[in-house]
Amino acid sequence: MGQLTYRSTIYRGAYGVIFVAAYLLITAYLLSGDDSGSESSAGVWRLVLGMVLVCAVGAAAGPTLHRRLFKTRVSYRRVRKPGKHLHK
């Protein structure tokens with residue numbers, strides 16, 4: 001596994017969790033004044049489905065979003081400067 005693949009996996013997981021946390025915070029804020037209950041668990045299933053969708057969007061956009069936010073290059077190879085060669 002290359003280093004770029006490792007970083008992409010970490011970024012996908014991190015952004016998936018960040019998106020789910022933001023989704024739950026927004027949902028909690030929107031439902032904070034709602035005192036009505038429900039007899040069925042349809043609301044819970046909608047919440048879980050929303051979490052899965054938001055996590056998938058965060059995971060799909062994670063590496064690209066991270067690169068754009070922090071302006072890192074796609075290539076992680078070092079570029080040698082001319083005249084700085086190591087001699088054996």
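This structure is a prediction, so every number in the text was calculated from the model and none was measured. Index from 1, following the sequence.
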_Hydrophobic clusters here meaning ILVMFWY residues chained together by side-chain heavy-atom distances under 4.5 Å, can you tell me if V57 and L69 are in one?_
yes
*asked:* Membership question, hydrophobic clusters at under 4.5 Å side-chain separation (ILVMFWY): are L24 and F19 in the same one?
replied: yes
*Side chains of Y29 and L25: closer than 4.5 Å at any heavy-atom pair?*
no
*Measure across V20 and V54 and return the closest heavy-atom pair with its distance rounded to 0.1 Å.*
N-CG1, 3.9 Å
*For A60 and P63, which heavy atoms make the closest approach, and how far apart are they?*
O-CD, 4.3 Å
*For Y15, side-chain hydrogen bond (donor to acceptor under 3.5 Å, both in side chains) partners two or more places apart*: H66
At what distance, to the nearest 0.5 angstrom, does [atom1] of [X] lie from [atom2] of [Y]?
X: I26; Y: L31; atom1: CD1; atom2: CG; result: 12.0 Å
X: Y11; Y: T64; atom1: OH; atom2: OG1; result: 12.0 Å
X: L65; Y: R12; atom1: CG; atom2: CZ; result: 12.0 Å

*asked:* Test: side chain to side chain donor-acceptor pair (under 3.5 Å). Region: residues 46-60. Which pairs qualify, not counting sequence neighbours?
replied: none
